[in-house]
Amino acid sequence: MITDKKQLLLITNKQDMVDCIQEGVSMHFELTEVNSLHTGFNIALNLLPDVILLDYASFRSGKNFKNIANFKSNHFLTKAWLIVYAEERFRAEAESRFRKVVDEFVYSPTIEALCGKIIKMVYANRSLSNFWKDAFMGMFNLISKPVLLLDQNEIIAMNDAFKQSFRVKNSKGLKLTDFVKCENSQKVKESLRNFARGKHIKAATKTTLLLRDDKLRNARINFSKLNKNFGHQFVMFIDFLEQNEEINNNIGTSSHEVEACFKQNGQLNEFKFTNREKEIIQLLIKGYKTKDISEVLFISPKTIEKHRSNIIKRTNSDTILESIIYAITHDLIDYQKV
């Protein structure tokens with residue numbers, strides 16, 4: 001029984017092919033499917049798959065298929081096995097165009113035969129593995145200080161030291177802004193977005209981070225992009241012991257905008273709701289509607305809606321329910337009055 005499944009990225013616009021591949025390789029591969037090369041390239045950089053399978057018939061036109069070389073030009077994908085599946089009648093055409101960048105062409109008569117060939121090829125070749133992913137993730141957990149792998153604000157992976165320092169079990173659904181003061185979340189997100197789009201390779205600064213027990217710790221943080229051409233993904237190193245620097249700040253280019261943003265985060269005052277906001281949150285917890293709150297607090301419904309909007313904005317939430325949950329989990333209201 002195979003427990004360690006490999007990753008297969010399938011790029012096709014044929015749903016019947018997706019269904020057949022899923023059925024044929026599900027015991028051996030985790031399948032991710034997309035219907036465009038552009039989306040496939042971006043997902044490949046996140047997924048770092050063992051195999052990338054392209055359906056030639058779906059993207060036969062030169063306009064759609066011309067960017068296939070991108071998959072092999074990025075060093076994080078050079079160890080992924082790039083396969084093109086095509087009908088026998090397109091053999092000469094496909095190979096004349098893409099022989100230099102494709103690892104293997106498969107001209108199987110059926111999808112079932114294709115699945116069998118992929119499984120046999122991959123598991124017979126023990127050297128076929130994602131070297132960059134294995135090497136990076138292996139080193140990732142050896143680092144004694146907290147480290148994150150980010151896609152802008154989204155946390156893709158965290159090492160063991162980060163999990164221990166911030167008391168979290170996994171990265172699912174977490175964002176970097178979950179660990180900064182909430183009133184500065186929007187600025188942090190914007191700063192990371194600008195860093196991703198910009199020319200700078202690294203950023204280093206001092207800031208204050210919020211631990212999961214609501215304690216604040218000063219830290220030196222370093223961001224480093226994984227690839228200058230694909231800036232959305234970068235590594236974040238956290239150093240709580242500033243006298244033991246392990247990051248070489250002389251390498252790459254530095255983003256002063258990111259540095260200024262995170263310094264500002266560390267200088268902000270402790271977050272608190274106003275007294276009126278606390279009153280409104282407490283009444284909302286009791287189930288009061290806007291009209292009821294208006295009668296109790298003797299303020300207009302329009303003013304209450306403005307307060308609700310400010311509460312949502314200040315807690316960096318999408319709904320008032322999220323704001324209430326935030327207030328409860330961070331002990332920002334007096335439960336005895338509820």
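Numbers here are sequence positions counted from 1. Everything numeric in this text was worked out from a predicted model, so none of it was measured.
Between Leu192 atom CG and Asn153 atom CG the span is 6.0 Å, to the nearest 0.5 Å. Atom-to-atom distance recorded for Leu209:CG and Ser165:OG is 10.0 Å, nearest 0.5 angstrom. Note that the CG atom of Leu114 and the CD1 atom of Ile83 stand 7.5 Å from one another [nearest 0.5 Å]. A distance of 9.5 Å separates CG in Asp160 from CG in Leu142, rounded to the nearest 0.5 Å.
The 12-atom threshold is not exceeded at CD of Glu23, counting heavy atoms of other residues, nucleotides or ligands nearer than 6.0 Å.
Ion pairing between a basic and an acidic side chain is recognised when a charged N comes within 4.0 Å of a carboxylate O; Glu190 and Lys187 show no such pairing. Remark: Lys302 does not engage Glu305 in a salt bridge, criterion side-chain N to carboxylate O under 4.0 Å.
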### Query
How far apart are the C-alpha atoms of Phe262 and Thr208, what are their side-chain angles, what is the distance that settles it, and do they pass the side-chain contact (heavy atoms from CB on, under 4.5 Å) test?
CA-CA 8 Å; Phe262 278 84; Thr208 301; over 6 Å; no
#### Entry: side-chain contact (heavy atoms from CB on, under 4.5 Å) assessment of Asp292 paired with Lys286
CA-CA 11 Å; Asp292 303 324; Lys286 291 181 178 180; over 6 Å; no
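With contacts defined as side-chain heavy-atom distances shorter than 4.5 Å, the pair Phe29/Leu10 does not qualify.
When atom types are taken as modelled, the side chain of Asp178 and the backbone of Lys175 share a donor-acceptor pair closer than 3.5 angstrom. When atom types are taken as modelled, the side chain of Glu277 and the backbone of Thr274 share a donor-acceptor pair closer than 3.5 angstrom. Side chain of Asp50 to main chain of Lys6: no donor-acceptor pair is present (N/O by atom type, distance under 3.5 Å, no hydrogens or angles). Distance alone, capped at 3.5 Å, places no donor-acceptor pair between the Asp151 side chain and the Glu154 backbone. Side chain of Asn42 to backbone of Thr39: no donor-acceptor contact under 3.5 angstrom is found. Listed for the Lys225 side chain is a donor-acceptor partner under 3.5 Å among the backbone atoms of Phe195. Checked by atom type and distance alone, the side chain of Ser224 never pairs as donor or acceptor with a backbone atom of Val235 at under 3.5 Å. Checking side-chain atoms of Asp239 against main-chain N and O of Lys145 turns up no donor-acceptor pair under 3.5 Å.
Between the side chains of Asp19 and Gln15, at least one donor-acceptor pair of N or O atoms lies under 3.5 Å.
Figure legend: cation-pi geometry between Lys117 and Tyr85 absent, as NZ or CZ is not positioned both under 6.0 Å from the six-membered ring centre and within 45° of its axis.
Each of Val296, Ile280, Ile304 was checked for a side chain to side chain contact (heavy atoms under 4.5 Å, CB included) with Tyr288, and the lone residue meeting it is Val296.
The aromatic rings of Tyr56 and Phe98 sit perpendicular, their planes meeting at an angle over 60°, well past the 30° parallel limit. Between Phe223 and Phe234, the two ring planes are perpendicular [angle over 60°; tilted spans 30° to 60°].
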